[in-house]
Amino acid sequence: MGRIYLDNNATTPVRPEVAEALARMLKGCYGNPSTLYCIGQEAHVEMEHARDVMAGILGCNREEIIFTSGGTESDNIAVLGAARANRKKGNHIITTKIEHHAVLNPCKALEKEGWSVTYLPVDEYGMVNPEDVERSITSGTALISIMHANNEVGTIQPIAEIGRIARAHKITFHTDAVQTFGKLSVNVNELGADLLSASSHKIYGPKGVGLLYVRKGTKILPIMFGGHQERSLRPGTENVPGIVGFGKAAELMAAEGPAEEARLLKLRERLWEGIKASVPHVKLNGHPTMRLAGTLNVIFEYVEGESIILSLDEHGICAASGSACTSDSLEPSHVLAAMGVPPEKSHGALRFSLGRENTTEDVDKVLEALPKVVEKLRSFSPIYKDFLKQQTV
Amino acid sequence: MAYSEKVMDHFRNPRNVGEMKDPDGVGKVGNPVCGDIMELYIKVKDDTIVDAKFQTLGCGAAIATSSMVTEMVKGQKLEDALKISNSMVAEALGGLPSQKMHCSVLAEEALQSAITDYRKKKGK
């Protein structure tokens, strides 16, 4: 049975070209890029090529790219490092209720150190209102951190507008672009971002590598201490094979351009139209248009998400309920809660996130299996029974 | 987190599933806000549970424990059925992941509530 992988917002399969680049580095290029002799310099050249690719995508200078161990580390350096470096300005941070935990939890850690954090609300589509950002700014605001697109529902935030507000108030602005880097335009000048996080394994690169863009002149302190690598913001010998793989993955994404996004959008709409036509009592989560092309988050009323996932897995289909980082927790999604979805409904949420390996055939197979799965689970759902009884009264 | 083969078997092929006509006792536990609701129906003859069925909204563990508890109570005297604990249900399923143990509590509570309901109706 062939697998149909529809959880590309959680992670993506490594592309063959990337795997080749990784193998080449692991087999033949072991040098420490900080050393002066030839094998070290070979590694250095490879790594700096990846840095150039990233600078091209972000529209920045190569010196402004810090390679990290992934999105979580980038977010932590950005939030903790920029907040602490701007402590003289005050002790206030503005973020949103729908950030990834890699931003929310550093904010919570800072609250324990005496910082005050504003967690902005979102509308029913998961969208932040830039006016709310402006209204929340105080004389003591040291940092604004707002994600580019949400991992659970895919809503794309008005980052350029928020960037302009932050700039006008001279406040450091970070955006978590883990879900958009390589997919949407992430030109840091257009976005007005001083700090931007990205991750390799969301774009068909290896796990364990990411980057933080740090605009020249941005005040930031390290959270880890060691050698001089990555401008001392991320000390430790660089993950050279990972960085090279990340570079290759980003290069390939950039070469494909918006064509792949357009293809994913078509597939996603085929899936959503098919679900609406074959499964009653479903609701879309996320913005109707300002949304990541591959992301479809749907509530199946009167059933529970995990039971759908387990049943789909029987058909070789991999989907998620909410985000992978929270799937072990029993709490309903904080993102859906912020969008005003009551917990009894959000337990029935399922996220399909499409990627470059998915085809029309995959979508059609899902549409064949899904209605049966939901129907079976509803057949012994006590709340569905109560709902049906209400209908006949 | 991974479920045992037995949990998956009971999830895939739940035993005794569906609504019961004229049950002698009904136990409704759980809460849609928590994402788990279980309804357990029993038929009783001479203080013995002669049939049990269930309907459950919930995760894989909730459905599997519901299925298992209906299997465990059939043919049991009421006082013996009351001794069935959540850990016994979990154990019969080959164990549950720690964060899913609360689902087995649901099964125990539904059983106790169904028996209480039966006794109340009987005026005992």
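Throughout, protein chains are lettered first and strands after them, A, B, ... in sequence-line order, and every chain is numbered starting at 1. Just the heavy atoms: all of them, side chains too, but no hydrogens, waters or symmetry mates, feed the values below. A quick note: this is a predicted structure, and the numbers were derived from the prediction, not measured.
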Chemist: Between A/Tyr302 and B/Leu57, which heavy-atom pair has the shortest distance, and what is it?
Modeler: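 Between these two residues, the closest heavy atoms are O-CD1, 3.3 Å.
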Chemist: Just by distance, do the side chain of A/Glu306 and the backbone of B/Gly60 share a donor-acceptor pair under 3.5 Å?
Modeler: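 Here the side-chain-to-backbone pair exists.
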Chemist: Take atom OH of A/Tyr125 as the centre, draw a 6.0 Å sphere, and report whether it contains more than 12 heavy atoms from other residues, nucleotides or ligands.
Modeler: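 No, the 6.0 Å shell around OH holds no more than 12 heavy atoms from other groups.
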Chemist: May I ask you to test the A/Asp386-B/Glu39 pair for a side-chain heavy-atom distance under 4.5 Å?
Modeler: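 A/Asp386 vs B/Glu39: side chains touch.
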Chemist: At a 4.5 Å cut-off on heavy atoms, which part of A/Lys385 comes close to chain B: side chain, backbone, both, or neither?
Modeler: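 Contact with chain B: side chain only.
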Chemist: Indicate every side-chain donor-acceptor pair of residues 276-283 of chain A with a distance under 3.5 Å to a residue at least two apart or in another chain.
Modeler:
from, atom 1, to, atom 2, distance (Å)
A/Lys276, NZ, A/Glu273, OE2, 3.4
A/Ser278, OG, A/Gly274, O, 2.8
A/Lys283, NZ, A/Asn285, OD1, 3.3

Chemist: Using a cut-off of under 4.5 Å on heavy-atom pairs, state which of A/Ser307, A/Pro342, A/Gly348 scores highest against chain B.
Modeler: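 Heavy-atom pair counts peak at A/Ser307.
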Chemist: If you count the non-hydrogen atoms of other residues, nucleotides and ligands that lie under 6.0 Å from CD in A/Glu361, is the total more than 12?
Modeler: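 Atom CD in A/Glu361 is not packed in, count stays at 12 or less.
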Chemist: Strictly by side chain to side chain donor-acceptor pair (under 3.5 Å), give each pair with a member in residues 372-384 of chain A just once, sequence neighbours left out.
Modeler: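 Side chain to side chain donor-acceptor pair (under 3.5 Å) check on residues 372-384 of chain A returns no pairs.
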Chemist: Less than 4.5 Å to any heavy atom of chain B: does that hold for the side chain of A/Ile383, its backbone, both, or neither?
Modeler: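 Side chain only.
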Chemist: Using the test side-chain contact (heavy atoms from CB on, under 4.5 Å), find all partners of A/Val373 that sit at least two apart in sequence or belong to another chain.
Modeler: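 A/Val373 satisfies side-chain contact (heavy atoms from CB on, under 4.5 Å) with A/Ile308, A/Ser311, A/Leu312, A/His315, A/Leu377 only.
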Chemist: Using heavy-atom distances under 4.5 Å, tell me whether B/Ile63 contacts chain A through its side chain, its backbone, both, or neither.
Modeler: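 Contact with chain A is through the side chain of B/Ile63 alone.
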Chemist: Less than 4.5 Å to any heavy atom of chain A: does that hold for the side chain of B/Ala61, its backbone, both, or neither?
Modeler: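 Interface part for B/Ala61: backbone (N, CA, C, O).
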Chemist: Applying a heavy-atom distance below 4.5 Å, give me the residues of residues 16-31 of chain B that approach chain A, sorted by number.
Modeler: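 If one takes a 4.5 Å heavy-atom cut-off, the residues of residues 16-31 of chain B near chain A are B/Val17, B/Glu19.
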